Number of protein chains: 2
Amino acid sequence: MDFPKTDIQFAEWCKALAHPARISIIKTLMNRRECICGELVLDLPLSQSTVSQHLKALKESGLIQGEVEGTKSKYCINKKNMKLFMKMMGTFQESMNQGCN
Amino acid sequence: MDFPKTDIQFAEWCKALAHPARISIIKTLMNRRECICGELVLDLPLSQSTVSQHLKALKESGLIQGEVEGTKSKYCINKKNMKLFMKMMGTFQESMNQGCN
DNA sequence: TGGTTATATCGTAATATTACGATATAAGAT
DNA sequence: ATCTTATATCGTAATATTACGATATAACCA
C-alpha cells in the first residue's frame with residue numbers, strides 16, 4: 001500500500017456512492033430506518049438481480065448491513081461505518097472550504 | 001434518465017473521488033492552490049501517463065480545471081463545481097446524521 | 001534548426017463494473 | 001410433500017477502469 005490508509009478507505013466509500021442506484025438505496029434506508037429487499041427493488045428502475053448486486057456492493061463496503069428475516073432480507077445502515085464516513089466527508093469538506101471561498 | 005439529475009451528478013463526483021490517487025491530487029491542489037502536472041507526478045507512486053489519466057478524469061468530472069502554461073500544465077480546483085459538490089455532500093451528511101445518532 | 005522538456009494521447013492488457021435472465025436456495029403457505 | 005415467494009448467486013455480455021510503456025505534440029533553449 002502506497003497511499004494513506006484513510007484515503008484508501010475514503011475512496012472505497014466514495015466508490016460505494018458512485019452509482020445513483022446505491023445513493024437511492026442509502027437514502028431510502030436512511031428515511032425508513034430499515035427496508036426489505038423487495039421494497040428497494042420496487043423503488044428502482046432495475047431488475048431484482050441488479051438491485052441485489054448493488055446491495056451486495058454496499059454491504060461489502062460496510063456502509064449497510066443486512067439480516068435474513070424468514071424468506072425476506074432486511075437491510076439497514078451500518079451506523080458505525082456511516083458515522084466514520086460522514087466524519088471523513090466532514091474533514092474533506094473542511095479542507096476544501098479553506099480554499100474555495 | 002430514470003434517476004434524479006442531482007443524484008446522477010453526486011454519484012459522478014463521488015466516482016471522481018473513488019481512487020486514492022485522485023483524492024491525493026485534490027488535496028494537493030487544495031493546499032497549494034495550484035500545481036504543475038510534474039509536481040503531482042512526483043507526489044504519486046504512479047507513472048506520468050497514469051497520473052495524466054487521473055487528471056483527465058478529474059477534469060472531465062468538472063472538479064478541477066487545467067490550463068497550459070508554456071510547456072507545462074497548471075491545474076487547480078474548479079471552485080464553482082467543488083462548492084456545489086461540497087453542498088451536496090452537506091445535504092447528504094445532514095440526512096445521514098438525522099438517523100445515525 | 002535541432003535538441004530538450006513537459007505533458008497528453010495511443011495502444012494494450014488485466015481487471016472491475018454494470019446489467020440482465022436464469023437458476024439455486026431456503027422459508028413460508030397449503 | 002409440494003407450491004409459492006423472496007432473495008442471492010451464476011453465467012454472461014458490454015463497457016469502464018486502471019495501469020504501463022511508447023509515442024505524439026508543442027513549447028522552450030542553445
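Numbers restart at 1 for each chain; the letters A, B, ... are given by sequence-line order, proteins then strands. Predicted model only: the values in this text are computed from it and were never measured.
- Side-chain N/O atoms of B:Q48 and base N/O atoms of C:dA6 include no donor-acceptor pair closer than 3.5 Å.
- Listed pair B:T71 / C:dT7 fails the phosphate criterion, with no side-chain N or O lying under 4.0 Å from OP1 or OP2.
- A heavy atom closer than 4.0 Å to some atom of DNA chain C occurs in no member of residues 13-28 of chain B.
- Side-chain N/O atoms of A:S47 include one lying less than 4.0 angstrom from OP1 or OP2 on C:dC20.
- Residues B:M88 and A:L63 fall within the same hydrophobic cluster, defined by Ile, Leu, Val, Met, Phe, Trp and Tyr side chains chained together at heavy-atom separations under 4.5 Å.
- Spacing between atom CG of A:L42 and atom C1' of D:dT7 amounts to 13 Å, rounded to whole angstrom units.
- Between the CD1 atom of B:I64 and the C1' atom of C:dA8 there is a distance of 13 Å, rounded to whole Å.
- With values rounded to the nearest 0.5 angstrom, B:I26 atom CD1 is found 11.5 Å from B:N31 atom CG.
- Rounded to an integer number of Å, the gap from NZ of B:K56 to C1' of C:dT9 is 7 Å.
- The two residues A:A57 and A:R22 have their closest heavy-atom pair at CB-CD, 4.3 Å.
- Considering only side-chain N and O atoms, B:H54 lies under 4.0 angstrom from the phosphate OP1 or OP2 of D:dA19.
- Within the 4.5 Å cutoff, the side chain of B:E67 has no heavy atoms near those of the B:Y75 side chain.
- Not a single donor-acceptor pair, N or O on each side, falls under 3.5 Å between the base of C:dA8 and the side chain of B:Q53.
- Between B:L58 atom CG and C:dA8 atom C1' the separation is 15 Å, expressed in whole Å.
- Contact annotation: A:S49 does not reach the phosphate of C:dG21 (side-chain N/O to OP1 or OP2, under 4.0 Å).
- Taking side-chain N and O atoms only, A:Y75 has no distance below 4.0 Å to OP1 or OP2 of D:dA6.
- Between B:V51 and A:T50, the residue anchored nearer the 5' end of DNA chain D, judged by the nucleotide with its closest heavy atom, is A:T50.
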Please assess B:S49 against B:S52 for the test side chain to side chain donor-acceptor pair (under 3.5 Å), listing each intermediate value before the final yes or no. CA-CA 5 Å; B:S49 61; B:S52 199; over 6 Å; no
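- Note on A:I36 and A:L46: separate hydrophobic clusters, where clusters join Ile, Leu, Val, Met, Phe, Trp and Tyr whose side-chain heavy atoms are under 4.5 Å apart, directly or indirectly.
- Following rounding to the nearest Å, A:I36 (CD1) and C:dA27 (C1') show an atom-to-atom distance of 13 Å.
- In this pair, B:F92 and A:F85 present their aromatic rings perpendicular. The plane angle is above 60°, beyond the 30 to 60° band.
- Rounded to whole Å, the distance from NZ on A:K74 to C1' on C:dA26 is 18 Å.
- Look at NZ on A:K72: it is 12 Å from P on D:dT5, rounded to the nearest Å.
- At whole-Å resolution of the value, CD in B:E69 and P in C:dA8 are 13 Å apart.
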